[in-house]
Amino acid sequence: MVADASLRVLDGGRVLVGGSPLKVLRFARPVDLGHVASREVVDRLVDTGMAHPEPGPGPFTPDDVTVVIPVFGQVRALSETLAALARMPEPCARIVVVDDASPEADAVAATVALAGRRSTRLIRRGRNGGPAAARNTGTAEVTTPLVAYLDAGCVPAADWLVALLVHFADPRVALVAPRVRADPRRWSDGDAAADGSMIGRRLRRAIARFETRRSSLDLGDRPARIAPRSRVAYVPSACVVARTDEIRRAGGFDESLGVGEDVDLVWRLAHDRRLRYVPAATASHDVRTSPRRWLARRFAYGTSAASLAKRHPGAPVPVSVSAWSAAAWAGVAAGRPLVGA
């Protein structure tokens with residue numbers, strides 16, 4: 001067990017302050033974080049986010065994992081993801097690629113065939129249903145105890161599973177996620193046809209730099225529990241590993257949601273299971289740099305707030321703003337737009 005950076009020890013170890021949301025725990029006897037013998041105390045510290053587990057070898061290996069990759073076109077991105085999986089020292093048991101009725105069906109099939117892995121299966125849906133439907137279609141084919149969801153264009157590090165699988169030694173852990181960072185060198189499919197003028201190229205580079213620093217996929221370099229209203233309130237399904245039976249118990253992804261379906265599933269699982277964010281494991285994701293496509297995606301993410309609030313009352317944060325944004329708007333409100341700018 002390792003203490004969270006937020007933890008403060010007071011009154012000789014009898015009072016602990018920290019976690020997310022911030023909590024205060026008072027104990028009858030001093031707590032020595034280096035030698036906590038009580039399982040009840042350890043569970044309390046982990047479940048409040050004051051400390052994080054450091055598990056030893058677990059019961060699972062990559063051979064217990066099936067990877068599900070939903071695609072709609074994204075031929076180049078799919079090729080990069082399959083190539084990354086091929087570089088793993090220990091291969092996963094199986095890979096299921098679900099083509100969500102994309103118009104590039106032949107190209108997707110050729111990409112899967114070129115991967116040259118006999119345990120990779122391609123499923124083509126008869127009609128487009130969105131990423132939630134595609135993931136559910138892939139999950140129906142999973143026979144291993146664990147399932148990993150990867151977006152096309154998400155490239156996990158060669159040892160990504162090593163740091164994640166150990167957390168499933170705790171039977172209460174239902175889902176584990178790595179840190180996903182934007183890679184500005186890899187522009188997403190479709191951006192090659194974007195504005196090729198000098199201004200257009202500069203704008204796309206600016207968006208790529210912004211995504212590198214402020215990507216909604218990157219949840220930071222500190223380990224955390226995953227729970228609504230906490231420091232890591234959700235994780236994207238771009239790269240996660242979960243217990244197959246827990247995904248099925250939760251009913252899978254809600255196919256009626258065009259966006260936010262991953263947050264919805266995470267919050268349903270977090271209701272009575274443990275979920276862990278483990279930045280020691282990493283993956284990179286391509287970057288959407290076309291201004292039109294980038295803004296459309298940002299707008300789409302925002303539209304998920306209402307449906308998530310309806311399904312999970314009290315879980316979404318009413319207002320989320322950085323200190324820089326608050327200062328900028330304060331300058332405008334104070335009648336000093338240049339200061340705000």
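In this structure, the side chain of Arg336 does not engage the main chain of Gly331 through any donor-acceptor pair within 3.5 Å. The main-chain N or O of Gly19 is found under 3.5 Å from a side-chain atom of Ser6 such that the two form a donor-acceptor pair. Under the 3.5 Å distance criterion, the side-chain polar atoms of Thr48 are matched with a main-chain donor or acceptor of Arg44. Proximity of a side-chain donor or acceptor of Asp99 to a complementary backbone N or O of Arg124 within less than 3.5 Å is not detected. A distance-only check finds no donor-acceptor pair linking the side chain of Asp11 to the backbone of Gly13 [under 3.5 Å]. Within the 3.5 Å criterion, the main-chain N or O of Gly130 finds a donor-acceptor partner in the side chain of Asp100. With hydrogens and angles disregarded, no donor-acceptor distance shorter than 3.5 Å links the side chain of Tyr277 to the backbone of Asp221. Of the possible polar contacts, none joining the Thr81 side chain to the Ala152 backbone as a donor-acceptor pair under 3.5 Å is found. Not a single donor-acceptor pair under 3.5 Å links the side chain of Thr66 to the backbone N or O of Val147. Using modelled atom types, no side-chain atom of Arg121 and backbone atom of Val98 make a donor-acceptor pair closer than 3.5 Å.
Each of Phe168 and Val166 belongs to its own hydrophobic cluster when Ile, Leu, Val, Met, Phe, Trp and Tyr are linked at side-chain heavy-atom distances under 4.5 angstrom. Placement of Phe60 and Leu161 within a single hydrophobic cluster is found when ILVMFWY residues are connected by side-chain heavy-atom separations under 4.5 Å, directly or transitively. At a threshold of 4.5 Å between side-chain heavy atoms, the hydrophobic network of Ile, Leu, Val, Met, Phe, Trp and Tyr places Val9 and Phe27 in one connected group. Linking ILVMFWY residues whenever their side-chain heavy atoms come closer than 4.5 Å, directly or via other members, places Leu122 and Leu150 in the same cluster. Follow the hydrophobic side-chain contacts under 4.5 Å out from Leu16 and you reach Val42 in the same cluster.
Counting heavy atoms from C-beta outward, Arg14 and Arg26 have side chains that stay 4.5 Å or more apart. Side chains of Leu146 and Leu165 form a contact here, defined as non-hydrogen atoms less than 4.5 Å apart. Two residues are said to be in side-chain contact when any heavy atoms from C-beta on lie closer than 4.5 Å; Val232 and Leu275 fail this criterion. Residues Leu265 and Ile247 have side chains in contact (heavy-atom distance under 4.5 Å, counting atoms from C-beta outward). Looking at Val112 and Ile95, their side chains never come closer than 4.5 Å, going by heavy atoms from C-beta outward. Val241 has its side chain within reach of Trp160: a pair of non-hydrogen atoms, C-beta onward, lies under 4.5 Å apart. Two residues are said to be in side-chain contact when any heavy atoms from C-beta on lie closer than 4.5 Å; Leu219 and Arg179 fail this criterion. Taking the side chain as every heavy atom from C-beta outward, Pro279 and Pro223 approach each other to under 4.5 Å.
Salt-bridge formation is not detected for the pair Asp47/Arg225: no Lys NZ or Arg NE/NH1/NH2 atom is positioned less than 4.0 Å from an Asp or Glu carboxylate oxygen. Between Asp170 and Arg274, at least one side-chain nitrogen of the basic residue sits less than 4.0 Å from a carboxylate oxygen of the acidic one, meeting the salt-bridge criterion. Ion pair Asp4/Arg231 flagged as a salt bridge, since at least one NZ, NE, NH1 or NH2 atom sits closer than 4.0 Å to an Asp/Glu carboxylate oxygen. Between Asp43 and Arg172 there is a salt bridge, with a side-chain nitrogen of the basic residue lying less than 4.0 Å from a carboxylate oxygen of the acidic one.
Between Ala148 and Val65, the shortest heavy-atom contact is CB-CG1, 3.8 Å. Residues Pro70 and Ala134 approach most closely at CB-CB, 3.6 Å, considering heavy atoms. In plain terms, the two heavy atoms of Leu82 and Ala115 that are nearest each other are CD1-CB, 4.0 Å. Scanning all heavy atoms of the two residues, the minimum distance from Val266 to Tyr234 falls at CG1-CA, 4.2 Å. When all heavy atoms are compared, the tightest approach of Cys239 to Ala283 is SG-CB, 4.3 Å. The two atoms that bring Met88 and Cys92 nearest to each other are CE-SG, 3.7 Å, heavy atoms only.
Checking Asp183 against His285 by side-chain atom types alone, no donor-acceptor pair falls below 3.5 Å. Side-chain contact check for Asp254 and Ser256: at least one donor-acceptor pair (N or O, by modelled atom type) lies under 3.5 Å. Arg125 and Thr137 form a side-chain donor-acceptor contact under 3.5 Å, judged by distance and modelled atom types alone.
We find the CD-CG distance between Glu104 and Leu78 to be 11.5 Å, quoted to the nearest 0.5 Å. Rounding to the nearest 0.5 angstrom, the gap separating the CD atom in Glu141 from the CZ atom in Arg94 is 6.0 Å. Here the straight-line distance linking atom NE2 of His167 with atom CD of Glu54 works out to 9.0 Å at 0.5 Å rounding. From Glu90, atom CD reaches atom CG of Asp159 across 11.0 Å, with rounding to the nearest 0.5 Å. Between atom CG of residue Asp151 and atom CD1 of residue Ile69 there is a gap of 9.5 Å, rounded to the nearest 0.5 Å. Rounding to the nearest 0.5 Å places OG of Ser237 at 9.0 Å from OH of Tyr149.
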Handout entry: Trace of the side chain to side chain contact (heavy atoms under 4.5 Å, CB included) decision for Met1 with His52
Key = CA-CA 5 Å; Met1 183 178 67; His52 309 293; over 6 Å; no
Practice task
Go through the steps for Ile123 and Val96 under the test side chain to side chain contact (heavy atoms under 4.5 Å, CB included), then give the verdict.
Solution key: CA-CA 7 Å; Ile123 301 174; Val96 179; 3.8 Å; yes
Practice task
Give the intermediate values and the outcome of side chain to side chain contact (heavy atoms under 4.5 Å, CB included) for residues Ile226 and Arg276.
Solution key: CA-CA 6 Å; Ile226 304 166; Arg276 300 296 312 170; 5.5 Å; no
Handout entry: CA sep, side-chain torsions, deciding dist, call: Leu25, Val15, side chain to side chain contact (heavy atoms under 4.5 Å, CB included)
Key = CA-CA 6 Å; Leu25 299 181; Val15 177; over 6 Å; no
Handout entry: Steps toward side-chain hydrogen bond (donor to acceptor under 3.5 Å, both in side chains) verdict (Ser79, Thr111)
Key = CA-CA 6 Å; Ser79 176; Thr111 300; 5.8 Å; no
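Under the rule for a salt bridge (Lys or Arg N to Asp or Glu O under 4.0 Å), the partners of Arg249 that lie at least two apart in sequence or sit in another chain are Glu246, Asp272.
Phe253 carries Arg135 over the face of its six-membered ring, with the cationic atom under 6.0 Å from the centre and within 45° of the normal.
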